[in-house]
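Encoded as structure tokens, the structure appears first; notes follow it.
Nothing here was measured: the structure is a model prediction, and the numbers come from that model. Residue numbers count from 1 along this sequence.
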Amino acid sequence: MAKELATQCDALFIEFMDGIPDNAGNPVATQKIIATLVETFGKPTVAANEATVKNGALAGVVKLPAEQGELAAEMMLKVIQGTPISDLPVTQNKRGKRILNADTLHALGIMPKPHVLKGVSIVKTAE
């Protein structure tokens, strides 16, 4: 499927959950699955969690726990002050931690300009 997707898109978003079984029903190591997917796809891969980037995805922007807590506290305060829960707006994070995997960047032959890396956390693929 990754080879077919590579002919149809320029990047692949990986939303990964642990515990995917192999053909024998045994859980396959997360790192092995992501590494195989990244290699087979052969183009940039992005994720929304740090572990997936550390396991080989090219880049990601992950939620910050402090922002999650801040949003929850603001909503709870409104509820305590009498706002019905049904009146609370649906919201989303506005900030995030940017992460880039140096090993995958190198493997794809991407050479970003230094200013692009400002504020980015650089990781290497876990071994």
Side-chain angles (χ1 to χ4, degrees):
M1 184 183 292
K3 283 182 184 180
E4 183 180 334
L5 286 171
T7 67
Q8 300 172 14
C9 54
D10 296 324
L12 182 65
F13 176 77
I14 302 172
E15 180 66 34
F16 192 79
M17 296 176 61
D18 287 331
I20 295 176
D22 63 13
N23 292 335
N26 302 312
V28 179
T30 302
Q31 185 177 358
K32 181 178 177 183
I33 293 171
I34 294 171
T36 301
L37 181 59
V38 167
E39 184 178 336
T40 304
F41 184 67
K43 294 180 177 181
T45 49
V46 295
N49 67 67
E50 191 166 356
T52 302
V53 177
K54 286 183 177 178
N55 282 319
L58 174 62
V61 177
V62 302
K63 295 175 186 173
L64 297 171
E67 184 179 13
Q68 294 287 95
E70 192 176 303
L71 290 171
E74 289 171 3
M75 288 184 181
M76 184 52 71
L77 181 60
K78 289 178 182 177
V79 170
I80 290 170
Q81 293 171 339
T83 303
I85 292 176
S86 60
D87 288 349
L88 293 177
V90 174
T91 187
Q92 62 185 7
N93 291 47
K94 293 177 178 59
R95 301 181 307 263
K97 177 181 176 185
R98 297 179 295 148
I99 306 169
L100 186 63
N101 185 309
D103 294 327
T104 305
L105 188 74
H106 179 72
L108 291 171
I110 299 171
M111 297 293 294
K113 296 187 183 217
H115 74 276
V116 173
L117 301 175
K118 184 177 180 181
V120 176
S121 295
I122 307 293
V123 299
K124 291 187 150 280
T125 302
E127 292 188 26

Checking the side chain of [X] only, and the main-chain atoms of [Y] only, is there a donor and an acceptor separated by less than 3.5 Å?
X      : Y      : result
Thr45  : Leu12  : no
Arg98  : Lys118 : yes
Asp103 : Thr125 : yes

Test side-chain contact (heavy atoms from CB on, under 4.5 Å) on Leu105 and Ile122 and set out the steps.
CA-CA 10 Å; Leu105 188 74; Ile122 307 293; over 6 Å; no

Measure the [atom1]-[atom2] distance between [X] and [Y] for me, rounded to the nearest 0.5 Å.
X     : Y     : atom1 : atom2 : answer
Leu88 : Met76 : CG    : CE    : 9.0 Å
Asn49 : Asn55 : CG    : CG    : 8.5 Å
Ile80 : Leu77 : CD1   : CG    : 6.0 Å
Thr7  : Phe41 : OG1   : CZ    : 9.0 Å
Lys63 : Gln68 : NZ    : CD    : 5.0 Å

With a cut-off of 6.0 Å (strictly less than), are more than 12 heavy atoms of other residues, nucleotides or ligands near CG of Asp10?
no

Should we say atom CD of Glu39 is surrounded by more than 12 heavy atoms from elsewhere, each under 6.0 Å from it?
no

Measure across [X] and [Y] and return the closest heavy-atom pair with its distance rounded to 0.1 Å.
X      : Y      : answer
Cys9   : Lys43  : O-NZ, 3.0 Å
Ile14  : Thr52  : CG2-CG2, 3.9 Å
Leu108 : Leu58  : CD1-CD2, 4.2 Å
Ala2   : Thr40  : CB-CG2, 3.7 Å
Val53  : Asn101 : O-ND2, 2.7 Å
Thr91  : Lys94  : OG1-NZ, 4.2 Å

Give a yes or no on whether a salt bridge exists between Lys54 and Glu50, defined as a side-chain N under 4.0 angstrom from a carboxylate O.
yes

Same cluster for [X] and [Y] if Ile/Leu/Val/Met/Phe/Trp/Tyr side chains link at under 4.5 Å?
X      : Y      : value
Val116 : Met111 : no
Leu5   : Val38  : yes
Ile85  : Met75  : yes
Leu64  : Ile99  : no
Leu71  : Val79  : no

Under the side-chain contact (heavy atoms from CB on, under 4.5 Å) rule, what do Leu100 and Val123 come out as? Steps first, then yes or no, please.
CA-CA 6 Å; Leu100 186 63; Val123 299; over 6 Å; no

